[in-house]
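To start, the structure itself, in structure tokens.
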Amino acid sequence: MAKATTTITQVLTSRPEQAAWFAANQVLSNRVCAFYFDIIQAHVKILDLSNKEALTALEKLTHTTKGHPAPIMPLEEVAQHSPAMFRRAALNAALGSARSFFSHLQKWQKRKEKAEAKGMKVHERPPVPPRTWNTSAVLYAGMCKHRSEKSIVIKVWTGTCWSWIKVRITGRKLPPEASLGSPQLIGKGSQWWLHTPIEKQFKSPGKIEKQVTTNAQTKICAVDLNINEHIAVCTIQTVEGSILATKFIGGGRRLCGFRKKLLGRIAHNRKKTGLLAENEQDNATLWHKMRQVDEQVAHLISVRIVQFAQAYDATVLVFEHLGNLKPTQGKYSKRGRECAHCQSLVARYHANQPAEGSRYGAPLVYCAQCAMKGNADRNASLVIGQRLATRYQQKGKPQTPRREEKSSGVAICQDAQSGGTQPSTGDARHADTNEHGTAQERGMLMVEPVSDIAHQLRFPCEL
């Protein structure tokens, strides 16, 4: 079994005085975190213990009980009558930060010793402990109760006492089949949010290497990401090379136009003043809106990719790795110029132009070696999937293997076995027998309506 974890964000609809209480609660939480971090720094050997043992040791040092009426460093000097779950949440946050800090410090010391042994000067500065704390309070069991779809009751520090308050929540509903983690109280400006981690278990399809090498019918969803009209082009293909379906996810021009409009407004506002304030973000609202749109579009694209892969029972998602991409200065990258059929270099060209040369951003490709014509982004997506298959099938070779024949199953599109269901549509298929202009005839809509989405998702700039 495998598990997936994500976070559900919900808005807290609170009164102004309640927002002030949330802020006071966070300040107290950060104060307790800093208190425990200082204790861990003074007793570094606590980090050698497990989390449970470290929790017990720190509570013995700080918490007043009948067995320990006079702790060495009492927490009461920092936070009086703090609930046990509040204290433990802050303690775990401080313990995690301390483990991270000392781990980075040890790695820096090893790098320094290694450099000094070679007679080299060390210019890298050592890591430092947190100067200020800005953690968000985690609501362990006992700090929240009576949670429903529309409200929750939480226990917070109001600045003078601990109180239970009921607040309304709006946003995405929690899935009933997932297991919930401890929610977190997050402040963003004047608005407060409730972030709830959820975990869902599912049957693991197995490691990629095993899927690719043991089953030739393993379905791979290869994704080519772009910055033009088609933001993502996905192809479903089997390990043996059969192409089952292709999906073009558009909307790139509309998104770029919306971003350009916002940048134009920012430039216009800057031109009015002619000055930029130091250490102050100009046009903060417009920049925030642009970031929000980019994040929202990323979520929409990812949903469509996953739904497309699920529709064809693909068990592997593969993207192109661009970490080592270093195009020559002054020249366009040759990435995406490999033919998916014979691995020769292809020519990229525009419609109604000669199929020769390589025009940057041209939507069509032509291979003089095998006479293949088609969409450039679809060809790149096929190559990405093929490289994954050859990587594991020919493991150990320093270079990507090349196909010697066109008859390996890639050159001809094969429809998925429907088993009596409705056959694949022309939108889902885009094989070599299609005309090369097929992909260009798609409308400006982002994608077709998806059956499992209750309401069609749209770009924020479409609203």
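Side chains are part of it too, since the values below use all heavy atoms of this structure and drop only hydrogens, waters and symmetry mates.
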Do [X] and [Y] have side-chain heavy atoms sitting under 4.5 Å apart?
{"X": "Asn215", "Y": "Gln211", "result": "no"}
{"X": "Glu59", "Y": "Leu91", "result": "yes"}
{"X": "Ile8", "Y": "Leu180", "result": "no"}
{"X": "Ser100", "Y": "His104", "result": "yes"}
{"X": "Pro127", "Y": "Trp108", "result": "yes"}
{"X": "Val297", "Y": "Phe258", "result": "no"}
{"X": "Met73", "Y": "Asp38", "result": "no"}

Is the backbone of [Y] close enough, under 3.5 Å, to the side chain of [X] for a donor and an acceptor to pair up by distance?
{"X": "Ser97", "Y": "Ala94", "answer": "no"}
{"X": "Thr315", "Y": "Pro205", "answer": "no"}
{"X": "Asn269", "Y": "Arg265", "answer": "yes"}
{"X": "Asn226", "Y": "Asp224", "answer": "yes"}
{"X": "Gln386", "Y": "Ala340", "answer": "yes"}
{"X": "Thr218", "Y": "Val212", "answer": "no"}
{"X": "Gln10", "Y": "Gly171", "answer": "no"}
{"X": "Lys247", "Y": "Phe308", "answer": "no"}
{"X": "His43", "Y": "Ile39", "answer": "yes"}
{"X": "Asn379", "Y": "Glu338", "answer": "yes"}

Please indicate whether [X] has more than 12 foreign heavy atoms, meaning atoms of other residues, nucleotides or ligands, lying under 6.0 Å from its [atom1].
{"X": "Arg168", "atom1": "CZ", "value": "no"}
{"X": "Ile227", "atom1": "CD1", "value": "no"}
{"X": "Lys155", "atom1": "NZ", "value": "yes"}
{"X": "Lys188", "atom1": "NZ", "value": "yes"}
{"X": "Arg99", "atom1": "CZ", "value": "yes"}

Can you confirm whether or not the ring centre of Trp133 sits under 6.0 Å from the ring centre of Phe37?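 Yes: the rings meet the under 6.0 Å criterion.
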
Which atom of [X] lies closest to which atom of [Y], heavy atoms considered:
{"X": "Gln237", "Y": "Ser381", "result": "NE2-O, 3.7 Å"}
{"X": "Leu225", "Y": "Ala232", "result": "CD2-CB, 3.8 Å"}
{"X": "Ala309", "Y": "Leu317", "result": "CB-CD2, 4.3 Å"}
{"X": "Leu28", "Y": "Val78", "result": "CD1-O, 4.2 Å"}
{"X": "Asn375", "Y": "Asp377", "result": "OD1-N, 2.9 Å"}
{"X": "Phe101", "Y": "Gln41", "result": "CE2-NE2, 4.3 Å"}

Ser82 vs Val32, test: side-chain contact (heavy atoms from CB on, under 4.5 Å). Steps then yes/no. CA-CA 10 Å; Ser82 58; Val32 176; 5.9 Å; no

Apply salt bridge (charged side-chain N to carboxylate O under 4.0 Å, His left out) to the pair Arg15 and Glu17, showing each step before the final yes or no. CA-CA 6 Å; Arg15 300 190 302 272; Glu17 60 270 18; 2.6 Å; yes

side-chain contact (heavy atoms from CB on, under 4.5 Å) assessment of Trp164 paired with Lys145: CA-CA 9 Å; Trp164 287 98; Lys145 61 183 180 179; 3.8 Å; yes

Run the side-chain hydrogen bond (donor to acceptor under 3.5 Å, both in side chains) check on Thr64 and Glu76 step by step: do they pass? CA-CA 8 Å; Thr64 302; Glu76 295 296 325; 5.5 Å; no

What's the spacing between [X] [atom1] and [Y] [atom2] if we round to 0.5 Å?
{"X": "Phe102", "Y": "Ile40", "atom1": "CZ", "atom2": "CD1", "answer": "8.5 Å"}
{"X": "Leu58", "Y": "His63", "atom1": "CG", "atom2": "NE2", "answer": "13.0 Å"}
{"X": "Tyr36", "Y": "Thr62", "atom1": "OH", "atom2": "OG1", "answer": "3.0 Å"}
{"X": "Leu139", "Y": "Asn25", "atom1": "CG", "atom2": "CG", "answer": "7.5 Å"}
{"X": "Lys289", "Y": "Asn283", "atom1": "NZ", "atom2": "CG", "answer": "13.0 Å"}
{"X": "Lys3", "Y": "Ile198", "atom1": "NZ", "atom2": "CD1", "answer": "13.5 Å"}

Let's go through Ile266 and Arg270 carefully: what are the C-alpha distance in whole Å and the side-chain angles of both, what is the deciding distance for side-chain contact (heavy atoms from CB on, under 4.5 Å) to 0.1 Å, and is it a yes or a no? CA-CA 6 Å; Ile266 292 173; Arg270 287 180 173 180; 3.8 Å; yes

Give the C-alpha distance, both sets of side-chain angles, the deciding distance and a yes or no for side-chain contact (heavy atoms from CB on, under 4.5 Å) between Lys200 and Glu177. CA-CA 7 Å; Lys200 184 178 179 180; Glu177 68 278 2; 3.8 Å; yes

Let me see the working for Trp162 and Phe86 under ring pair (Phe, Tyr, Trp, His ring centres under 6.0 Å), right down to the final yes or no. CA-CA 11 Å; Trp162 290 94; Phe86 177 85; 4.9 Å; yes

